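Everything quoted here is computed from the prediction, not taken from an experiment.
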Amino acid sequence: MTRLVVAMLAVAVMPVVGADRARVRIDLDEIGRVATAMVDGDVCQRIVTKRAVEFMSRVDTRDRWADADNYDVNDAAFIATKKTLMRLSSLAAYPVDVNLWMPAPGTPPRIQVAIRNKNEMSQFWKWGALTQPMFPDMQTVLESGHRITVERKAGYVSVLAPVRNSLDEIIGLVEVVSQLTPNARENVK
């Protein structure tokens, strides 16, 4: 009898979970569409300082943290973009983060999360990493200019959407991300 009840509950819950995932995918895609229109790529290109880019571009064998220790931003550009990303994340009725990812110097191609949002959600960011190898999904968005939905990390849904400057060049992307079952303690260290 217990197995029958568990099986019936599992069947009853499955469509709800599936509907929630579908709703989250639709919501995040819409926020990504709006982000492409609202995030100012010209401002984003001014966030990371020239000095920080120079440190990212070189390897210091005596100090493996030289790039992260010398990472700085132009405050006005950073704050203006952060505010836009926070407003975009409030468009959903549940926790959503909108993170800004920018290509970083290096071969093979690299990427950095220039701005992370308040819930610290991401399918891609590795704790402590200033730059990371370019993810194929991100490379696709940067090359094609199309939004894509990604579910590579269990329980997460992300939409990657391009960010353009005034010349209509794709200069970065946003990751609009949410967890299907939020874990309030996941990022507590």
**Request:** Flag the pair Asn74 / Thr49 as yes when at least one side-chain heavy-atom distance between them is below 4.5 Å, and no otherwise.
**Result:** yes
**Message:** So if I apply the side-chain contact (heavy atoms from CB on, under 4.5 Å) rule between Val176 and each of Ile31, Val34, Leu91, which one comes out positive?
**Reply:** Ile31
**Complete:** When Leu160, Ile170, Val150 are each screened for side-chain contact (heavy atoms from CB on, under 4.5 Å) with Val141, the one that passes is Leu160
**Message:** Run Leu173 and Leu142 through side-chain contact (heavy atoms from CB on, under 4.5 Å) and show every step you take.
**Reply:** CA-CA 7 Å; Leu173 60 96; Leu142 293 171; 3.9 Å; yes
**Asked** With no hydrogens and no angle check, do the side chains of Asp97 and Ser89 hold a donor and an acceptor under 3.5 Å apart?
**Response** no
**Message:** Between Gln179 and Tyr156, is there a side-chain donor-acceptor contact under 3.5 Å, judged purely by atom types and distance?
**Reply:** yes
**Item:** Point-to-point distance, once rounded to the nearest 0.5 Å, from OG1 of Thr81 to CE of Met38
**Value:** 11.5 Å
**Request:** Check whether any side-chain heavy atom of Arg164 sits under 4.5 Å from a side-chain heavy atom of Ile171, and report yes or no.
**Result:** no
**Request:** Following the transitive rule for hydrophobic clusters with a side-chain heavy-atom cut-off under 4.5 Å over Ile, Leu, Val, Met, Phe, Trp and Tyr, establish whether Val43 and Leu100 coincide in one cluster.
**Result:** no
**Request:** State the CZ-CZ distance between Arg46 and Phe78, to the nearest 0.5 angstrom.
**Result:** 15.0 Å
**Prompt:** Taking it one step at a time, do Asp27 and Asp29 satisfy side-chain contact (heavy atoms from CB on, under 4.5 Å)?
**Reply:** CA-CA 5 Å; Asp27 291 348; Asp29 187 65; over 6 Å; no
**Complete:** d(Arg147 CZ, Ser158 OG) to nearest 0.5 Å is 14.5 Å
**Nearest heavy-atom neighbours spanning Met102 and Gly172** = SD-CA, 4.2 Å
**Prompt:** To the nearest 0.5 Å, what is the distance between CD1 (Ile47) and NZ (Lys82)?
**Reply:** 10.5 Å
**Request:** Answer yes or no: is there a donor N or O on one side and an acceptor on the other, between the side chain of Glu175 and the main chain of Gln123, under 3.5 Å?
**Result:** yes
**Request:** Can you measure from CG (Asn117) to CD (Glu120) and round to the nearest 0.5 angstrom?
**Result:** 10.0 Å
**Message:** Within a 6.0 Å radius of atom CE on Met134, are there more than 12 heavy atoms belonging to other residues, nucleotides or ligands?
**Reply:** yes
**Message:** Would a single hydrophobic cluster contain both Ile79 and Val163, if residues Ile, Leu, Val, Met, Phe, Trp and Tyr are joined by side-chain heavy-atom contacts under 4.5 Å?
**Reply:** yes
**Item:** Non-hydrogen atoms of Ser122 and Lys153 that approach each other most closely
**Value:** O-NZ, 3.8 Å
**Message:** Please report the interatomic distance OG(Ser178) to CE(Met121), rounded to the nearest 0.5 Å.
**Reply:** 5.0 Å
**Asked** Do Gln112 and Trp101 get their side chains close enough for a donor-acceptor pair, meaning under 3.5 Å?
**Response** no
**Asked** Between the main-chain N or O of Asn165 and the side-chain N or O of Asp42, is there a donor-acceptor pair closer than 3.5 Å?
**Response** no
**Prompt:** Does any non-hydrogen side-chain atom of Arg21 lie less than 4.5 Å from one of Leu180?
**Reply:** yes
**Message:** So Thr149 and Leu28, do their side chains get closer than 4.5 Å, heavy atoms only?
**Reply:** no
**Message:** Is the shortest side-chain heavy-atom distance between Glu151 and Arg25 below 4.5 Å?
**Reply:** yes
**Asked** Do Arg152 and Phe135 have side chains that get closer than 4.5 Å, going by heavy atoms?
**Response** yes
**Message:** Using the side-chain contact (heavy atoms from CB on, under 4.5 Å) definition, which of the options Val113, Asn99, Ile111, Asp137 pairs with Phe124?
**Reply:** Asp137
**Message:** For a quick test of reading the model, state the closest non-hydrogen atom pair linking Gly32 to Ala161 and the distance between them.
**Reply:** O-CB, 3.4 Å
**Asked** So do the side chains of Ile115 and Leu85 get within less than 4.5 Å of each other, counting heavy atoms only?
**Response** yes
**Request:** Would you kindly confirm whether Tyr94 and Val98 end up in one hydrophobic cluster when ILVMFWY residues are joined by side chain heavy atoms under 4.5 Å apart?
**Result:** yes
